[in-house]
There are 2 protein chains.
Amino acid sequence: MKLDQATIKDLARELNVSSSTISRALKDYPGISDETKRKVREMAEKMNYRPNALARSLRKSQSFTIGVIIPEVVHFFFSTVISGIEEVAFSKGYNVILTQTNEKVSREKTSIDTMLANQIDGLLVSYSKETEDFEHFSRLLEKNFPIVFFDRVPKLENTLNVTVDDYQGAYAATQHLIQQGYRKIYHLAGPKYLSISTERARGYLAALEDYGIQHQPSWIIESPRGNENEAKDITTEVLKRAVPKPDAFFAHNDMAAVGAMMACRELGLKVPDQIGIVGFSDWQFCTMLEPSLSSVAQPGFQMGVRATELLLDMIDKKGNIEGPKNSIVLETELLIRKSSQKP
Amino acid sequence: MKLDQATIKDLARELNVSSSTISRALKDYPGISDETKRKVREMAEKMNYRPNALARSLRKSQSFTIGVIIPEVVHFFFSTVISGIEEVAFSKGYNVILTQTNEKVSREKTSIDTMLANQIDGLLVSYSKETEDFEHFSRLLEKNFPIVFFDRVPKLENTLNVTVDDYQGAYAATQHLIQQGYRKIYHLAGPKYLSISTERARGYLAALEDYGIQHQPSWIIESPRGNENEAKDITTEVLKRAVPKPDAFFAHNDMAAVGAMMACRELGLKVPDQIGIVGFSDWQFCTMLEPSLSSVAQPGFQMGVRATELLLDMIDKKGNIEGPKNSIVLETELLIRKSSQKP
DNA sequence: TTAATTTATGCAGACGATTGCGGTATCGTT
DNA sequence: AACGATACCGCAATCGTCTGCATAAATTAA
C-alpha cells in the first residue's frame, strides 16, 4: 500500500555521498562536479526517485499549489474556466486544488480553511450565491494573501478581478432584440446581490433607454435559481398575465432562456416569430435546440487563463510592494441564432 | 503576502509549555490536564492557529488527500461524479485534488506523477480515450497502491472498479425501441477500446438477437469522438445511403443522439414518427430538446460516492491483507421521453 | 615551496507537527 | 517515613528536503 519511494537519503547511502550533494546535484546547482551529477542522476533514474513535494513545500514554505473555488462544476461556463486555469498553472509548474461550493457559503469557508491548512500559495475565487459577507476574504486580503476573483467579484476595495463585460453583453443582446423589431422585452434576471446579475440588468435597461423603449420596472423579473423549471413557471405566469404582454425575453443565463422557450412552446407561442429569446453564457446545448438559442458567449477559457496569470504574477513578486492593481474585463460575443431573428 | 500563521511553537512559547503539550492538548489526548487544554485552546483561538497540514502529512506520511483523474469536467456525467466524490471525501476528512486529462494519456501520466509527488493516499481514475496501455497503473497496483477505477475500467486483473451496467442499459434502450415498433435500429458506437463502448454495443446486439431482429454488422457505426457534429455527419451519410434505411438510432451517448436528431431534422425526417432515438447518460439538455430525448440515466453521484467509499476503505485497512475485491456495478435507468415513442 | 584561491563536498540545523520514552511532582498507603 | 501509583508534562528524534557555513582537496599564484 505504501509505495516506499526512494528518498534523497537512500540515494546518498547508495552513492556514499551526503544528502546535500544529492539535493544539489538533482537541482543542477553549481559546485557539484559533472561526474557526480551524472552518477546521481543515473542512480535517481535507477531507483525511480521521485521528490517528496510535501517535504519540499514545508522546507520552502511554498507549495506551488493554488486553490480554486467555484460554485459548481456542472456549469458549462465554469468547466471551461477550469480548463484555462489548469492550462496556465500546469505549464508554470503549479498544482491546482479545486472545490465546488454548491453555492453554499459554509462550504466556501471550510474549503478555504483546508486549502490554507494545505499551504496554498494563492486563491482563485468565484464565490457562492449565498455569499453576502466577504469577511472571510477580506481577512486574507488584509494580510496580502494573493487572491484573484473571477466572474463573480466582491464589493471590496483593491481586489484583483477578472470579469466579462456583462453590461456590454446584455446591452448587445437587448439591442439586437430591439433591432429585430421586438419591443416588449422582458428580462429574466439573476439574484440581485450578484454583480453579474446587476450588471446584466443595467446593460439591458441602458439599451431600452437608448432606443427610447418605454418600459416598466415589472419587466425585470427575478429568477434567482436560474434553472429551466423555475424560469418556465415564472415565464408562463408572465405570458398569461403581464400587461403589456412580452414579445421577447432576455435571460441572464441560458437555462432560464430555455425555460422561457419551453413555456412559449406549451402556450403555443412561436419562437422567434411571436417571441424572441436571447440567453447568456452560450452553453453547449444552444445549438442543439430548435430553434437554436441566441446567446451571449463568455470567454471562459480565457478568463481562466488571465486570472491564473494574474495570480501567479502576484505570487511571484511577493516581496514586491504591489503595483497598480489591474483588473481585467473580457469582451463577450453575441451569437445570433434562430431564437431571436424575426422571419 | 505570506500570512505568517502561528505555529505550535508560537503557542508553546506564549504559554510557557512545550510544543508536545500543545500538540497533545489540541488533539485532546489523555495525560494533559483540562486546565491546560483549555488554555491551549483559548490561545489557539486567540492567535488564530491553523495547523500546517503539510507538516502533519510529512510526519505521518499520510496526506489525507486523494487524487481524481477524469477525462473532462465539461461532461455532465463526470461533473456529477465529482460531486459524489467530494461529498464522501470531505465528510471523512479527506481532500480531493482533481485533474482532467482532456483525453490525453500524456496528461494522465504527468498528473499521476505530480499527484504521487504530493503524496496522495489513493487514486480514483477514469482514464482517457487515448489510454490503451495501462502500465502506469499496473506499476502502482503491483505495489498495492490504492486505486479505484470508475466508469472506464481497464483490462487488468484484480482491480477495484465501479461501473454502471452498460450492457443492461443498452439492452433496455434497444428493447424499448423494438417494443415501440422500430426495427432497423442502428447503433452509434463509441471507441472500440473503451469497455463502456463495447458493453453498450453488446447490450444492443443482445436485445436485437433476443427479439429475433435480423441485423447486419454495418448497423453498428463508430462515432469515436462522440460529439454532435461528428454524429450528425455520420448519421446524415447513413440516412442517405444505408440499406436498409434505419428507422431508429441508439447512440452511445447523448451528444451523438443529438447529432442524429439534427441530421433527421435537416433531412425532413420526423422524430419520433419516422425515426426513433435513444441516447445515453441523461445530460441536462435531454428535457430541453424538442422532442425531448429518451436516454439511459447513469447514477453519477452514486458512482462517485461508492468509488470513494471503496477507496477510503482500502486506504484505511492498509496493513490488512486485502480481502476479496468487490467491484460494484450500478443500475441504470431508462428514461423514456418523446424521441422514442411512436405516436 | 608556500600562500591564496578555487572546486567539491559534508555538517547540521531548519521547516512544523507528532510521539515514544522518561522525568518530576503530588498524593495516598502501609 | 518510605514507597508506589498517578497525573502532567518535556526531551529529542523523526518525516524528506534545502541551505548557510565550514572543511578538505586540488589547483594556481607568488
Side-chain angles (χ1 to χ4, degrees), chain A residues 2-41 43-44 47-65 93 114 116-121, chain B residues 2-41 43-44 47-65 93 95 114 116-121 318:
Chain A
K2 184 87 61 43
L3 56 175
D4 34 19
Q5 280 289 358
T7 74
I8 267 189
K9 288 181 186 168
D10 296 326
L11 293 186
R13 192 176 333 105
E14 210 67 24
L15 289 173
N16 271 323
V17 294
S18 78
S19 52
S20 347
T21 302
I22 304 288
S23 174
R24 285 192 265 250
L26 289 173
K27 298 277 169 191
D28 205 24
Y29 272 28
I32 302 290
S33 71
D34 290 346
E35 173 64 7
T36 308
K37 283 184 185 170
R38 192 184 52 73
K39 276 199 247 173
V40 170
R41 273 196 281 261
M43 184 56 76
M47 299 182 69
N48 193 33
Y49 169 77
R50 293 275 171 275
N52 184 323
L54 291 189
R56 177 184 156 82
S57 300
L58 177 61
R59 175 60 227 253
K60 311 204 48 151
S61 50
Q62 191 183 354
S63 63
F64 294 96
T65 298
T114 66
L116 289 178
N118 282 284
Q119 311 299 114
I120 52 165
D121 295 336
Chain B
K2 184 85 63 42
L3 56 175
D4 34 20
Q5 280 289 359
T7 73
I8 266 191
K9 289 180 189 170
D10 296 326
L11 294 186
R13 192 176 334 106
E14 210 67 25
L15 289 173
N16 272 321
V17 294
S18 77
S19 52
S20 346
T21 302
I22 304 288
S23 174
R24 286 191 265 250
L26 289 173
K27 297 280 168 190
D28 205 24
Y29 274 27
I32 302 290
S33 72
D34 289 346
E35 173 63 8
T36 307
K37 284 183 185 170
R38 192 184 52 73
K39 276 200 248 176
V40 169
R41 273 195 282 262
M43 185 57 76
M47 299 182 70
N48 193 32
Y49 169 78
R50 295 274 172 275
N52 184 323
L54 292 189
R56 178 185 154 84
S57 300
L58 178 60
R59 176 60 227 255
K60 310 199 55 152
S61 50
Q62 192 183 353
S63 63
F64 294 97
T65 298
N95 284 82
T114 67
L116 289 178
N118 282 284
Q119 313 297 117
I120 52 166
D121 295 335
K318 45 172 94 177

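Chain naming here is simple, since letters A, B, ... match the order of the sequence lines and numbering starts at 1 in each. Side chains included, hydrogens not; waters and symmetry mates left out as well; all remaining heavy atoms used.
- Nearest to the side-chain atoms of B:Ala55 among the listed nucleotides C:dG16, D:dT17, C:dA12 stands C:dG16.
- Taking CD1 from B:Ile8 and OH from B:Tyr49, the interatomic distance works out to 4.0 Å, rounded to the nearest 0.5 Å.
- Side-chain proximity of B:Leu58 to C:dG16, C:dA12, C:dT19: nearest is C:dG16.
- Remark: C1' of D:dC9 and CG of B:Leu26 are 15 Å apart, rounded to the nearest angstrom.
- Atom-to-atom, CD of B:Gln62 to C1' of C:dA17 comes out at 15 Å; the value is rounded to the nearest Å.
- Per the geometry, NZ belonging to A:Lys9 stands 9 Å off P belonging to D:dT17, to the nearest Å.
- Residue B:Thr7 places no side-chain N or O under 4.0 Å from the OP1 or OP2 atom of C:dG16.
- A:Asn118 contributes no side-chain N or O that, together with a main-chain N or O of A:Ile120, makes up a donor-acceptor pair within less than 3.5 Å.
- Around atom NZ of B:Lys39, no more than 12 heavy atoms belonging to other residues, nucleotides or ligands sit under 6.0 Å away.
- If you check the side chains of B:Ser20 and B:Ser23, you find no donor sitting under 3.5 Å from an acceptor.
- Across the protein-nucleic acid pair, A:Arg56 atom CZ and D:dT17 atom C1' stand 9 Å apart, rounded to whole Å.
- As judged by a 4.0 angstrom heavy-atom cut-off over every strand, A:Ile8 is placed among residues touching the sugar-phosphate backbone only.
- Nucleic acid contact for A:Asp10: none, since no nucleic acid atom lies under 4.0 Å from a heavy atom of the residue.
- Using a distance-only test at 3.5 Å, with no hydrogens or angles considered, no donor-acceptor pair links the side chain of A:Lys37 to the main chain of A:Lys27.
- Taking atom NZ of A:Lys39 as the reference point, atom P of C:dA8 lies 13 Å away to the nearest angstrom.
- Rounded to the nearest 0.5 Å, atoms CD (A:Gln119) and OG (B:Ser57) are 10.0 Å apart.
- Between the P atom of C:dA8 and the CD1 atom of A:Ile22 lies a distance of 16 Å, rounded to the nearest Å.
- Distance, B:Arg50 CZ to C:dC15 P: 21 Å, rounded to whole Å.
- The side chain of B:Pro51 approaches C:dA17 more closely than any other nucleotide in the set C:dT19, C:dA12, C:dA17.
- Judged by atom type and distance alone, B:Ser57 does not reach the base of D:dC15 through any side-chain donor-acceptor pair under 3.5 Å.
- For the pair A:Phe64 CZ and D:dT17 P, the interatomic distance rounds to 15 Å; values are reported in whole Å.
- Within residues 27-37 of chain A, the residues that place at least one heavy atom under 4.0 Å from DNA chain D are, in residue-number order, A:Lys27, A:Tyr29.
- In this structure, A:Thr21 reaches the sugar-phosphate backbone alone: every heavy-atom distance under 4.0 Å involves primed, P, OP1 or OP2 atoms, never a base.
- Residues B:Arg24 and A:Arg24 both approach DNA chain D. Their nearest nucleotides, taken by heavy-atom distance, put B:Arg24 toward the 5′ side.
- A search for salt bridge (charged side-chain N to carboxylate O under 4.0 Å, His left out) contacts involving A:Arg38 returns A:Glu35, A:Glu42, not counting sequence neighbours.
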